[in-house]
Amino acid sequence: MDIQNIKNRYDIIGNDAKLIFAINKAAQVAPTDLSILVTGESGVGKDVFSRIIHDNSTRKHKKLVAVNCGAIPEGTIESELFGHIKGSFTGAERDRKGYFEEADQGTIFLDEVGELPLAMQVKLLRVLENGEILPVGSSSARKVDVRVVAATNKDILREVHNGHFREDLYYRLNQISIYIPPLRERKDDIYLLFRKFSNDVAEKYSMPPISLTPDARDYLMRYPWYGNIRELKNMTEQIAVVETERLITQPILQNYLKYVPTEKMPAIYVDNERGEGVTDRELLLKALNMGQSINEMRSEINYLRQAVARLAQGTTIKDLNEDEEEYASMPVVMNDVPHVKVLGKPSRSAEQHIDAEGFNEAEVVTDDEPASLQEREKAAIIDVLARNGGKRNKTARDLGISERTLYRKLKEYGLE
């Protein structure tokens with residue numbers, strides 16, 4: 001069967017080279033009995049590839065049994081996979097075949113195989129090597145002839161390295177590997193899938209299909225799609241049913257694409273202009289770099305407030321300028337701040353001076369070891385507290401934290 005026929009039969013949309021390579025590989029290895037490991041993120045359609053492999057194999061007239069390993073409780077998974085005999089445990093009122101016996105002469109698809117407990121991994125390895133299963137409560141093994149296709153969305157090699165997945169089982173399952181690319185690696189296919197899902201909904205509910213403005217289409221293709229095809233399909237169906245307008249603009253689209261990170265992923269912020277994901281680590285580094293500039297801006301604002309107050313009290317512009325020049329000529333050494341010394345002419349904030357042409361940065365000398373996050377935080381608290389004359393409520397406001405948090409930080413750093 002050629003690639004186009006496979007795409008038509010299994011309703012696969014897309015022309016990306018990585019996707020075509022995966023389809024072609026599945027079709028090539030299907031007639032063999034080799035174990036296959038399908039990898040890819042959640043929602044990319046790994047189950048479709050299990051059907052491609054089974055339907056194009058010599059076992060196609062027998063059963064394809066799909067098992068979600070992550071959905072079976074650990075206490076019952078052995079019975080579910082290998083069966084049990086009557087009386088083997090409380091509630092076992094009769095003999096029961098397991099999934100492997102049900103799939104005898106056919107194919108078993110072990111989805112989320114990375115979720116299997118280590119004890120079950122040992123028993124699965126025995127089945128793969130010897131073709132024998134041992135039902136719960138039985139003392140005699142039973143022969144089965146089953147072709148195994150496994151799938152996982154985990155980094156299985158990392159799981160092996162961390163001791164969560166047996167290395168020997170990994171190599172036994174991974175006789176052939178097939179990688180399914182995520183949507184963000186096949187951007188040109190995203191709009192094709194959107195149109196397909198839109199037309200399906202329109203036909204199902206007898207309504208006009210939705211379409212996208214150029215900016216919405218561009219945003220759709222730049223979005224990271226961590227839920228992959230499943231997320232795109234759900235979003236398209238939701239917009240088609242909920243929105244009364246059939247032409248979807250970018251603001252409308254963005255209302256349905258507010259990505260919320262899961263515990264298994266680093267926090268992601270999606271830049272609306274670039275559509276690129278930024279990890280929480282990168283945001284932290286940016287925040288550290290911005291921290292000094294923010295404090296400088298706050299100092300400038302405080303100075304301007306004081307200047308306005310003095311002008312209101314009758315101080316002239318000339319006197320104000322003279323006071324500023326005198327203040328700016330004072331030498332400053334910031335010994336309270338770990339690893340940082342500021343040399344040269346300080347400004348009103350003792351860090352920068354704003355002249356008519358813009359920012360004029362002071363010379364900064366750093367020690368060999370950079371300040372840690374805790375040290376920077378402590379230094380910032382000391383600096384703002386000193387500038388506010390020890391007033392904690394004003395210091396908390398300038399730092400953008402609550403007074404309760406400030407009190408906790410003062411105690412933590414011994415600044416009470």
Side-chain angles (χ1 to χ4, degrees), residues 1-7 9-10 12 14-70 81 99-100 102-116 120-133 144-161 164-182 185-186 228-229:
M1 182 180 293
D2 63 34
I3 299 299
Q4 191 56 50
N5 287 337
I6 292 176
K7 289 170 63 178
R9 179 176 177 181
Y10 298 96
I12 298 175
N15 301 309
D16 181 81
K18 292 180 181 178
L19 177 66
I20 299 302
F21 178 79
I23 296 172
N24 186 60
K25 191 173 185 179
Q28 282 184 310
V29 302
T32 72
D33 275 337
L34 296 174
S35 299
I36 297 175
L37 181 62
V38 184
T39 60
E41 295 179 6
S42 179
V44 296
K46 297 186 289 294
D47 58 319
V48 175
F49 281 78
S50 70
R51 300 204 307 271
I52 294 174
I53 293 165
H54 175 74
D55 294 344
N56 291 277
S57 72
T58 56
R59 302 171 180 266
K60 61 185 177 182
H61 299 298
K62 300 295 182 179
K63 285 185 179 180
L64 167 63
V65 177
V67 183
N68 187 335
C69 299
L81 291 179
Y99 292 126
F100 270 87
E102 291 289 344
D104 194 22
Q105 304 297 317
T107 305
I108 190 168
F109 174 51
L110 300 176
D111 197 10
E112 304 306 338
V113 71
E115 302 292 340
L116 281 176
M120 275 306 305
Q121 293 177 27
V122 176
K123 295 175 181 179
L124 176 59
L125 180 63
R126 182 184 62 198
V127 176
L128 293 174
E129 290 181 340
N130 303 327
E132 294 181 345
I133 62 169
V144 290
D145 177 16
V146 178
R147 202 277 184 78
V148 176
V149 178
T152 181
N153 61 6
K154 290 187 173 184
D155 184 340
I156 204 71
L157 282 176
R158 180 179 295 177
E159 294 295 299
V160 170
H161 177 74
H164 299 151
F165 199 86
R166 291 182 61 93
E167 185 176 12
D168 46 7
L169 177 58
Y170 165 71
Y171 287 114
R172 188 62 183 80
L173 288 172
N174 194 35
Q175 289 182 308
I176 299 289
S177 64
I178 298 176
Y179 169 70
I180 315 300
E185 291 183 10
R186 36 183 291 221
N228 292 291
I229 297 173

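No donor-acceptor pair under 3.5 Å is formed between the side chain of Glu159 and the backbone N or O of Glu115. Judged by distance alone, with hydrogens and angles left aside, the side-chain atoms of Asn153 form no donor-acceptor pair with the main-chain N or O of Glu112 at under 3.5 Å. Lys46 contributes no side-chain N or O that, together with a main-chain N or O of Ala150, makes up a donor-acceptor pair within less than 3.5 Å. Looking only at distances, a side-chain donor or acceptor of Asn56 sits under 3.5 Å from a matching main-chain atom of Ile52. With hydrogens and angles disregarded, a donor-acceptor distance shorter than 3.5 Å links the side chain of His54 to the backbone of Lys62. Side-chain N or O atoms of Lys7 include one that pairs as donor or acceptor with a backbone N or O of Gly14 at under 3.5 Å. Remark: the backbone N or O of Ser35 is paired with a side-chain donor or acceptor of Gln175 at under 3.5 angstrom.
Put simply, CD1 on Ile6 and CD1 on Ile20 are 9.5 Å apart, with the number rounded to the nearest 0.5 Å. Here Asp145 contributes atom CG and Gln105 contributes atom CD; the two are 4.5 Å apart, rounded to the nearest 0.5 Å. Atom NZ of residue Lys25 and atom CD of residue Gln28 lie 9.0 Å apart, to the nearest 0.5 angstrom. With rounding to the nearest 0.5 angstrom, the CD1 atom of Ile180 is 10.0 Å from the CG atom of Asp47. Distance check: Ile23 CD1 to Asn5 CG gives 11.5 Å after rounding to the nearest 0.5 Å. For the atom pair CG (Leu81) and CD (Glu102), the distance works out to 12.0 Å, reported to the nearest 0.5 Å.
Between Cys69 and Leu110, the closest heavy-atom pair is SG-CB, 4.0 Å. Ser177 and Asn174 get closest at one heavy-atom pair: CB-OD1, 2.9 Å. The minimum heavy-atom distance between Leu169 and Leu125, with the atom names listed, is CA-CD1, 4.0 Å. The minimum heavy-atom distance between Ser57 and Ala30, with the atom names listed, is CB-O, 3.1 Å. Across all their heavy atoms, Phe165 and Val113 have their closest contact at CE1-O, 3.6 Å. Summarising the geometry of Ile108 relative to Ala103, their closest heavy-atom pair is CB-CB, 4.1 Å, with the distance given to 0.1 Å.
Side-chain contact between Leu34 and Val29: absent, with no pair of heavy atoms (C-beta onward) separated by less than 4.5 Å. Proximity of Arg186 to Lys18: side-chain heavy atoms (C-beta onward) are nowhere separated by under 4.5 Å. In this structure the side chain of Arg147 reaches within 4.5 angstrom of the side chain of Ile53, judged on heavy atoms. Annotation: side chain of Ile156 is not in contact with side chain of Leu173 (no heavy-atom distance under 4.5 Å). Between Ile36 and Phe49, every side-chain heavy-atom pair lies at or beyond the 4.5 Å cut-off. Side-chain contact between Asp16 and Glu185: absent, with no pair of heavy atoms (C-beta onward) separated by less than 4.5 Å. Residues Phe100 and Val67 are not in side-chain contact: their nearest non-hydrogen atoms beyond the backbone lie 4.5 Å or more apart.
More than 12 non-hydrogen atoms from other residues, nucleotides or ligands lie less than 6.0 angstrom from OH of Tyr179. Crowding of Glu132 atom CD: a count of heavy atoms from other residues, nucleotides or ligands under 6.0 Å exceeding 12. At most 12 heavy atoms of other shown residues, nucleotides or ligands fall within 6.0 angstrom of atom CZ in Arg158.
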Give the intermediate values and the outcome of side-chain contact (heavy atoms from CB on, under 4.5 Å) for residues Arg9 and Asp55.
CA-CA 11 Å; Arg9 179 176 177 181; Asp55 294 344; 3.7 Å; yes
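Ion pairing between Glu129 and Arg172 fails under the 4.0 Å rule for side-chain N and carboxylate O.
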